Colleague: 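To start, I am sharing the structure in question, which I have written as structure tokens.
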Amino acid sequence: MADKDQRPTYPLAPANGYHRSDAEYGREEDSGDLRRKKRIRYFLYFVAFVIFQTGVIAIFTLTIMKVRTPKFRMESATFDSFSVGTSTNPTFDIRMNARVSIKNANFGKYKYDNTTMYFFYQGSPVGQADIYKSSVGWRTNKKFNAVVNLSSVNLPSTAKDQLGNDLTKRLVPLTSMADLKGKVALTFIFKKKKAIQMNCTMEIVVSSQQLSNIVCK
Ligand SMILES: *[C@@H]1O[C@H](CO)[C@@H](O)[C@H](O)[C@H]1NC(C)=O
Ligand SMILES: *[C@@H]1O[C@H](CO)[C@@H](O)[C@H](O)[C@H]1NC(C)=O
Ligand SMILES: *[C@@H]1O[C@H](CO)[C@@H](O)[C@H](O)[C@H]1NC(C)=O
């Protein structure tokens, strides 16, 4: 009986001892491993945070802080008075209500100064309109009217000859140009100077008294 009892206990005792020392050794190894794993994990968190921050800054600079050039165009026009001559008496005297737009795609206001919009026929000035200093809100397409008197009075004779031809065709081509100086305010402190140009071509359709084919660069 004693032999039978001893046989199972004898190999168990040293086995228990081994187990204990094994477990203790293992625990020491575990806590070292754990610290290293924690350090790696924190390092990975830090790397992920840096990547995230870089992404946020990149998106911010590429969208919100990016300075886009506002667009200054002629949209349409109506005529308050309309008087044109003939191919033998080539003249025009037109009071035009020009509808212009300034499109600001920035995430900040665009403030601009006074300027003048000029109209040309065959490269010669035929009228001008004042544009008063104002501002366009962020991501806004501002539209407003500018009144201009178009007159052929000061045209040189070569242009007058051409006007005779154009009046036969009942189409008078014009160009409009303007330089606008202003600033884009992206934040309260960050402002960027942005000058924009208007450069449009259009046609006065004499028969219907309309302005058509407006193309702006
Ligand atoms: C802009 O035009 C208005 C009206 O003509 C004038 O009173 C004002 O002084 C001008 N501003 C600048 C900065 O030239
Ligand atoms: C256009 O002409 C009319 C009448 O001749 C005048 O009252 C008006 O002030 C002029 N407008 C411009 C912008 O020159
Ligand atoms: C306006 O555009 C025309 C072509 O459409 C170009 O030939 C001309 O040089 C431009 N003018 C300015 C002042 O940018």
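Whatever order the structure lists ligands and atoms in, that order sets their numbers, starting from 1. Model, not experiment: these values are computed from the prediction.
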Colleague: Looking at every heavy atom in both D166 and P173, which two are closest together, and how far apart are they?
Modeller: OD2-CD, 3.3 Å

Colleague: Does K217 have a non-hydrogen atom less than 4.0 Å from ligand 3?
Modeller: yes

Colleague: Strictly under 6.0 Å, is that where the ring centroids of F46 and F49 end up?
Modeller: no

Colleague: Which atoms form the tightest heavy-atom contact between S124 and P156, and what is the distance?
Modeller: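 The answer is OG-CD, 3.4 Å.
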
Colleague: Can you list the atoms of ligand 2 that are under 4.0 Å from a heavy atom of R95?
Modeller: 1 (C), 2 (O), 3 (C), 8 (C), 10 (C), 11 (N)

Colleague: What closest approach, in Å, do S135 and K109 show between heavy atoms, and which atom pair accounts for it?
Modeller: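 Heavy atoms only, the tightest pair is OG-CE, 3.8 Å.
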
Colleague: Below 4.0 angstrom from a heavy atom of V147, which ligand 2 atoms are there? Numbered from 1 as shown, please.
Modeller: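 Going through ligand 2 atom by atom, the ones under 4.0 Å from V147 are 13 (C).
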
Colleague: For N154, does the CG atom have more than 12 heavy-atom neighbours from other residues, nucleotides or ligands under 6.0 Å away?
Modeller: no

Colleague: What distance do M74 atom CE and L211 atom CG have between them, rounded to the nearest 0.5 Å?
Modeller: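 CG of L211 is found 5.0 Å from CE of M74.
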
Colleague: Can you list every protein residue that has a heavy atom under 4.0 Å from any atom of ligand 1, sorted by chain and residue number?
Modeller: N114, Y132

Colleague: Taking salt bridge (Lys or Arg N to Asp or Glu O under 4.0 Å) as the test, write out the residues that go with R36, two or more places apart.
Modeller: D33

Colleague: In terms of heavy-atom contacts, does NZ of K111 have more than 12 from other residues, nucleotides or ligands at under 6.0 Å?
Modeller: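 For K111, atom NZ is not crowded (no more than 12 foreign heavy atoms under 6.0 Å).
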
Colleague: Please report whether ligand 2 has a polar contact with N149, defined as an N or O pair separated by less than 3.5 Å (distance criterion only).
Modeller: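 Yes, N149 has an N/O under 3.5 Å of an N/O on ligand 2.
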
